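Input: a single structure, listed below in structure tokens.
Here is how names work: the chains are called A, B, and so on, in the same order as the sequence lines, proteins then strands, and each is numbered from 1. Only heavy atoms go into these numbers, but all of them, side chains included; no hydrogens, no water, no symmetry mates. Since we're looking at a predicted model, the values are computed, not measured.
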Amino acid sequence: MKTAVAATITTALPAQPQHEAPRAKVGEKKNREVDSDARVILHFDYDCFYASVIENAHPALRTRPLGVRQKSILATCNYAARARGVRKLMPVTQARAACPDLVVVCGEDLAPFRDASRRLWAFLRGAVAGARTERLGLDEVFLDATAAVAYNRALLNPNALHDSFFHLSAQDPERGFTFDATRFAGCVHPPPGGQGEQHAGSGAAVLDDPVRVRLMLASHLAGYLRRRLEDDFGYTSSGGISTNKVLAKLAGSINKPRNQTTLLPVQGEITIQEFLDAYQIREIPGIGSRTSSLIADHLFPPGKAARAGGQEPEQQTPSGITVRDVLRHPDMSPALLNRILDRPGAERGGGKKIWNLLHGVDASEVKEAGVAPTQISVEDTYMARPLNTVPEVLRELHALATSLVRRMRLDLTTAAEELGDPCSAGSAGLPPRTQQKRRWLAYPKTLRLSTYAHPGKSGSASPTSIPSISRISRSQPLPSFALDLGRPCAEVAERLVREALLPLFRRLHVGRAAGWNLALLNVCVANMVPVATDDGNGGGAAGGRDISRMFRTQGERLREWSAWEDDTTTATTASPSLSPPRGGNGIIDGEAEDGAAANGGSEGTNDVEDAGSASAGTEVWAADDGDSDSDVGWEDEDGASVAQQRCAACGHAVPIFAMSAHERFHAMGD
DNA sequence: CAGGGTCTAT
DNA sequence: ATAGACC
């Protein structure tokens, strides 16, 4: 049946062009590596992610200006706060000055963010058969939808474009959504209407340009996925749709909160290049601060004439140098960039890579990440009061080691499914009180300790531009007792400190017995070795995702889509609900405790005082927990109210989609 | 500045 | 094994 549907529609369509000629590209004659527009890449960026996680756990905060604090700065803030002048990375004091009733929540424990990120990612990776997904940090995801888009393009019926159906799986024809193929979903850049552009509405005319059709289809896919992220999980996002990663990401930033943009490369380089030209080079993903300043310094040597903008000698940070400035520079070429960027440790084809990025060319693939991380690290900074004595260092090492061991157990183990033991068949109710048996998915071979000395004190370096003399590290094999699941985290951690971390510390700081002025400690495990499993593929890196490889070649994609193995198992097991075995606090408690803790001394005080005297902080928490309702009703865009449930634990009214997140926070606090 | 994380080059 | 660059 399923195949019948597909086959019918397929044969009703004219055969696909065997190969679409790649557009001519900058530097095409030199090099074949320039990417054709063959791919379709989506980029998702969850709007102010940390703040959204907090809001989902405490919906009453949604309507209030909210900032998420890490140490003394705001890691992020919601849009209500931004409307009142609060910005990302703004010092807390400054933010409070700008917005006195700002609600500030501590975001130093990343566990809730990590958890939310993983669930959203699990959804995205299971949503589109044959797609590969890559996570960038906690709040961004790339999705290579080339195969799915090709499949759906072949199924398009030119006579019923308004009533199209996007298939998310070739196996299950029911899985998908309807859409209007005569238009794009969301915004398009450059905006329609310019140049000699046809209006998109005119029937099959739209189908003429293959790249355009693919991106149109992809825009609907992105729109659908974003809607589900919002409706099912409570997370709004910004989406970018284009033909490679760098363009997709840039596209997504054009229309920021809760919107999406499809970047059309179709009018040839001119459009794309004009679009890119105005960006400061630092804003191009893949061009970091180091590269930017090397280029800026070369083009406009410091101490010489002012720049095009005629600005004052600003910080060298944003540099003001635009893509156009670089590309218009006399003699500019990949080779010149290579020379500019050449330094010990520099990437080999570095100049060419930057050159390509500046032209919107990016051949890098969307890398499907493994289930297990390749590295786990835990760190804390001590800018306000650097560490100088052995007892201080020991105390911090112990704290770090404890959370490291906890993280290892959380992220590197999985519930052990006893293969020959169907005892656990009644799995709905786990055996009460018994520890869930866990098994290592992968284990780290290496333990590393890094430190870095306070820049301002005694170790004089120019604090502004060069963070060069920063981290130093030593590593050694991870002792095997670290993998002992039978002992409490704290016990393992203690032994780890004594037998491994302290020796590493001595190796790092030979000579001085004290007085290191340490502003940072980082403990890390790395070099993960996948543990073999019975299911045929190693539990680690690429496990189980090889199948997506099958969809890469154009010629075979249809057949492969039809041959797609049932992916429902992967989809459902992809969202592991590891119950957090943490004894920690909810975020709110964490904030209160943070302020009261003896630990920091310096930065906690502000929060406590503010919370106590200034109305904002505590009031909200109190109202949030106890008083069930001054609650502003939940409304969606049109003002219709959103279905809510009462939380059994706290009685708070919570939108249904947010309930699971809300409950998790209770679970963590208890 | 924060707290992580990934990849690359020696 | 260690550092650097990017996010």
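Of the side-chain N and O atoms in A:S377, one or more sit less than 4.0 angstrom from OP1 or OP2 of B:dG5. Under 4.0 angstrom from either OP1 or OP2 of B:dG5 there lies no side-chain N or O belonging to A:T374. The side chain of A:R407 contributes an N or O atom lying less than 4.0 Å from OP1 or OP2 of B:dG5. Distances shorter than 4.0 Å separate some side-chain N or O of A:Y452 from OP1 or OP2 on B:dC1. The shortest distance between the side-chain N/O atoms of A:T291 and the OP1/OP2 oxygens of C:dC6 is below 4.0 Å. Regarding contacts with the backbone of C:dA5, every side-chain N or O of A:S289 stays at 4.0 angstrom or more from both OP1 and OP2.
Nearest to the side chain of A:R474, among B:dG3, B:dC1, C:dA3, sits C:dA3. Side chain of A:I73, nearest nucleotide from B:dG4, B:dC1, C:dC7: B:dC1. Minimum atom distance to the side chain of A:I472 is reached by C:dA3, of the listed C:dA3, B:dA2, C:dA1. Nearest nucleotide to the side chain of A:D380, out of C:dC7, B:dG5, B:dG3: B:dG3. Comparing B:dG4, C:dT2, B:dA2 against the side chain of A:R507 picks out C:dT2 as the nearest.
Summarising the geometry, the separation between CZ on A:R471 and P on B:dC1 is reported as 11 Å, rounded to the nearest angstrom. Look at NZ on A:K353: it is 9 Å from P on B:dT8, rounded to the nearest Å. Rounded to an integer number of Å, the gap from A:R282 CZ to C:dC6 P is 7 Å. Rounded to whole Å, atom C1' of B:dG4 lies 12 Å from atom CZ of A:F113. Following rounding to the nearest Å, A:R448 (CZ) and C:dA3 (P) show an atom-to-atom distance of 9 Å. For the pair A:L110 CG and B:dG4 P, the interatomic distance rounds to 5 Å; values are reported in whole Å. Between A:Q375 atom CD and C:dT2 atom P there is a gap of 15 Å when expressed in whole angstrom units. Distance A:F142 CZ to B:dT6 P: 15 Å, rounded to the nearest Å.
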Trace of the salt bridge (Lys or Arg N to Asp or Glu O under 4.0 Å) decision for A:K245 with A:D362: CA-CA 7 Å; A:K245 292 210 289 181; A:D362 175 16; over 6 Å; no
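Residues A:N244 and A:G360 come closest through the heavy atom pair OD1-O, 3.0 Å.
Taking OH of A:Y452 as the reference point, atom CG of A:N522 lies at 12.5 Å (rounded to 0.5 Å). For the atom pair OG1 (A:T381) and NE2 (A:H454), the distance works out to 9.5 Å, reported to the nearest 0.5 Å.
A:L449 comes within contact range of no nucleotide atom at all, as no heavy-atom separation falls under 4.0 Å. Among the atoms of the strands shown, none is found under 4.0 Å from any heavy atom of A:K245. Nucleic acid contact for A:P91: none, since no nucleic acid atom lies under 4.0 Å from a heavy atom of the residue.
A:A97 pairs by the side-chain contact (heavy atoms from CB on, under 4.5 Å) definition with nothing, not counting sequence neighbours.
Using P as the reference atom, B:dC1 and C:dG4 are 16 Å apart when rounded to the nearest Å.
Paired with A:D45 under the rule salt bridge (Lys or Arg N to Asp or Glu O under 4.0 Å), one option of A:R135, A:K249, A:K256, A:R258 passes, and it is A:K256.
Toward the 5' end of DNA chain B, the nearer of the two residues A:V378 and A:R343, judged by each one's closest nucleotide, is A:V378.
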